[in-house]
Structure formats: C-alpha cells, structure tokens
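Keep in mind that what you see is a predicted model, and the values were worked out from it rather than measured. Chain naming here is simple, since letters A, B, ... match the order of the sequence lines and numbering starts at 1 in each. As a basis for the values below, the full set of heavy atoms in this structure was taken, side chains included, without hydrogen atoms, waters or symmetry mates.
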Amino acid sequence: MPLIHVDLERELYESSADDISREIQQAQVDALGIVPDDLFHVFSPHDKGELRFDPGFGGVDRRSLVLIRIVMVHMYSVATKRDLYAAIVTRLGTLGIRPEDILISVTENGFEDWYAGRL
Amino acid sequence: MPLIHVDLERELYESSADDISREIQQAQVDALGIVPDDLFHVFSPHDKGELRFDPGFGGVDRRSLVLIRIVMVHMYSVATKRDLYAAIVTRLGTLGIRPEDILISVTENGFEDWYAGRL
Amino acid sequence: MPLIHVDLERELYESSADDISREIQQAQVDALGIVPDDLFHVFSPHDKGELRFDPGFGGVDRRSLVLIRIVMVHMYSVATKRDLYAAIVTRLGTLGIRPEDILISVTENGFEDWYAGRL
C-alpha cells in the first residue's frame with residue numbers, strides 16, 4: 001500500500017494526470033514489485049504561488065515543482081528506493097516532465113499503520 | 001495531538017463534513033483515550049479524478065476513496081491502533097460510508113515533534 | 001531539504017503568502033542552518049470549515065489554525081527543533097499571526113528518502 005500524493009501545477013494536472021498516474025504506478029510495479037492494482041494516488045492541483053521553490057538549489061536548473069510524496073512500509077532497501085526514484089523520473093520524463101522539476105519525499109511506517117478496506 | 005487529514009470527494013465533504021469530523025473525533029476519544037477537545041482536523045475536498053484507486057485491490061469492493069491520514073506520537077500499541085481503525089470505520093459506517101472505501105494511514109513522530117500553540 | 005506544507009485559511013493565504021514563506025524560510029536558515037535557497041514550500045489555502053480545531057485545547061486561546069507540516073531528515077536535536085518552533089512563531093508573529101493559532105508537526109525520514117532533481 002504505498003500511498004502516493006502528487007502536488008503539481010493545475011495546468012499540468014489538467015493536461016497529464018492520467019499519464020502521470022499510469023507512469024508512477026508502473027514505476028512502482030517495476031521498482032518495488034507491487035501488484036499493479038495496489039494503487040492509491042491523491043492529486044492536489046495547485047494554482048500559481050502555492051508551490052514555491054528555488055530555481056537553482058543544489059545546482060539543479062529547476063523551473064517548476066512536481067512534488068511526489070510517498071508513504072510506504074519500512075521494508076525496501078536504499079538501492080530499491082533509488083531504483084524507484086530513477087523509474088519515476090525516467091517515466092515522467094517521457095511525458096515531458098523534467099527530472100530537475102521533480103521532488104520525491106518518502107515517509108515510512110509499519111504494516112500495523114494501515115487500514116485498507118477491511119479489518 | 002493526533003493530526004487528522006481527510007481527503008474525500010467534494011460531494012461527500014459538502015454533505016457530511018460535520019458528521020465525519022464528529023465521528024472520527026469520538027473514535028479517537030474511545031480508542032486512544034484522548035480528551036475530546038484534542039481536535040485538529042484538516043479536510044481536503046477533491047474534484048473527480050484527484051482521488052485514484054483500484055476498485056478491487058486486496059479483494060475489497062472499493063467504490064470511492066476516503067483517505068484518513070493520521071500523524072500521532074509513537075506511543076500506541078498495535079492493538080490500540082486496530083481499535084482505532086475499527087472505531088473509525090464503524091462510526092463512519094453509521095453515516096453511510098462503506099468500510100471498503102476507507103484507507104487509513106498512520107505516521108508516527110515524537111513528543112518533541114509538535115508545537116501546539118505555546119513553547 | 002526540509003519540505004514545508006502550510007495549511008491555512010484562504011484569506012490569510014491571499015493576504016500574506018509571500019511574507020509567510022519568507023519568514024518560515026528565514027526561521028529555517030536561522031535555526032537549522034540550512035542555506036537560504038533550500039526552499040520547498042507547499043501552500044494549501046482552505047475554505048471555511050476545512051480546518052477544524054478546538055478553541056481551548058491545552059489551555060491555548062486558539063482562534064484560527066495555521067498548520068505547518070515539516071518533513072526533514074532525522075538529524076536535528078530536540079533543542080534545535082525547539083529553536084525552529086520558536087523562530088517560526090516569533091517571525092510569523094511579526095505578521096500578525098498569533099502563536100496560539102500555529103500548529104507545527106514534524107515528520108522525519110532519512111537522506112535516502114529524498115530525490116531532489118537529480119539521481
């Protein structure tokens with residue numbers, strides 16, 4: 001049950017939400033080995049001014065912000081997480097989303113920290 | 001200071017936010033033993049397409065998504081967490097919200113990770 | 001890469017988002033020692049009814065809710081966190097935001113839990 005929350009500009013949301021959702025899900029399937037129907041995505045489209053970032057922090061030429069927050073169980077190795085990031089940015093890149101514009105933040109919890117439709 | 005964040009369809013928000021808030025709070029009081037006025041709830045109503053889920057993942061007949069994210073101090077047992085989930089889904093069930101449509105995700109932090117109105 | 005997410009009333013957002021963003025960032029620079037361009041802020045303006053709180057919990061005279069959620073790497077001492085809270089509420093106080101109305105919640109993760117524009 002990784003939970004995905006995507007904050008992005010409304011324009012990008014309106015043009016590409018289906019594609020973004022599909023590519024993130026495939027990235028999770030490929031990198032984490034989850035089943036394709038283990039899908040919980042929340043999109044928060046933002047108006048101008050709600051997403052704020054520095055255009056050069058870390059030596060990155062950042063022009064927009066696509067924030068992907070992931071909550072998942074503490075069970076994946078560092079290498080697997082890096083594979084996930086690479087898969088996400090590569091796949092979103094095919095949609096014209098620049099790797100530089102993506103910020104991914106993972107928060108971990110335990111199996112006991114989820115309720116997913118039945119006790 | 002459990003912090004509750006509810007993402008839900010706008011239609012459900014408009015019809016039932018007061019009821020949902022009251023029932024979640026009572027569930028917290030009953031299961032966690034917090035005082036009733038320890039209440040911090042954020043509602044994010046969503047338009048169609050912003051909440052994405054699979055209608056059958058985990059063998060659950062899911063028709064909508066009511067996401068309840070909880071941030072709370074690491075101090076409750078697994079049994080207490082399960083009691084909380086049961087209390088929430090039972091109480092929201094009385095409002096016509098299907099248990100299958102609810103996703104609960106808990107993230108824990110420490111006492112030192114909160115500021116609640118005074119230093 | 002502390003990630004800042006501010007939930008606040010839409011009226012306050014519209015009048016003061018630039019100021020709030022600047023003051024929170026300076027508080028981070030002063031208390032955490034981050035560089036000024038390490039800036040990732042998400043604002044979620046809320047309509048009436050979406051932010052719910054008790055006006056007296058904890059003996060605090062609360063009249064509104066400005067929720068500041070911070071995700072940051074587990075590397076700061078308790079004293080540093082308290083310095084951060086103090087810096088934030090002091091600086092937002094200069095904008096007329098009451099310390100009593102602020103709720104700060106920190107969640108920690110690891111260095112490996114971030115992707116910030118390049119692999």
Neighbour count above 12 (heavy atom, 6.0 Å) for Arg22(B) CZ: yes
Bottom line for Asp7(B): the part with an atom under 4.5 Å from chain A's heavy atoms is side chain
Met72(B)/Gln28(B) under side chain to side chain contact (heavy atoms under 4.5 Å, CB included): CA gap, chis, key distance, verdict: CA-CA 11 Å; Met72(B) 59 189 194; Gln28(B) 290 199 102; 5.8 Å; no
Would you find a donor on one side and an acceptor on the other, under 3.5 Å apart, between the side chain of Tyr13(B) and the backbone of Ser15(B)? no
Between Ile97(A) and Ile20(A), is a side chain to side chain contact (heavy atoms under 4.5 Å, CB included) present by the stated rule, with each step listed? CA-CA 9 Å; Ile97(A) 298 174; Ile20(A) 292 170; 3.8 Å; yes
Which one wins on heavy-atom pair count under 4.5 Å against chain B: Leu119(A), Asn109(A), Asp38(A)? Asp38(A)
Heavy-atom pair count under 4.5 Å with chain B, highest-scoring of Pro36(A), Gly110(A), Ser21(A): Ser21(A)
Heavy-atom donor-acceptor pair, Thr94(A) side chain to Arg91(A) backbone, under 3.5 Å: yes
Check against side chain to side chain contact (heavy atoms under 4.5 Å, CB included), Tyr115(A) and Ile88(B): CA-CA 10 Å; Tyr115(A) 165 90; Ile88(B) 289 174; over 6 Å; no
Step by step, work out the side chain to side chain contact (heavy atoms under 4.5 Å, CB included) result for Met1(B) and Val73(B). CA-CA 8 Å; Met1(B) 273 119 24; Val73(B) 172; 5.8 Å; no
May I ask you to decide if Ala86(B)'s main-chain N or O and Thr90(B)'s side chain share a donor-acceptor pair within less than 3.5 Å? yes
So what's closer than 4.5 Å to chain B heavy atoms on Val6(A): side chain, backbone, both or neither? neither
Picking from Gln25(A), Glu108(A), His5(A), which has the most non-hydrogen pairs under 4.5 angstrom with chain B? His5(A)
Looking only at heavy atoms, which of residues 45-71 of chain A get nearer than 4.5 Å to chain B? Pro45(A), Val71(A)
Looking at Ile102(B), Leu84(B), Val78(B), which makes the most heavy-atom pairs under 4.5 Å with chain A? Ile102(B)
For Ala31(A) and Thr80(A) the tightest heavy-atom approach is O-CG2, 3.5 Å
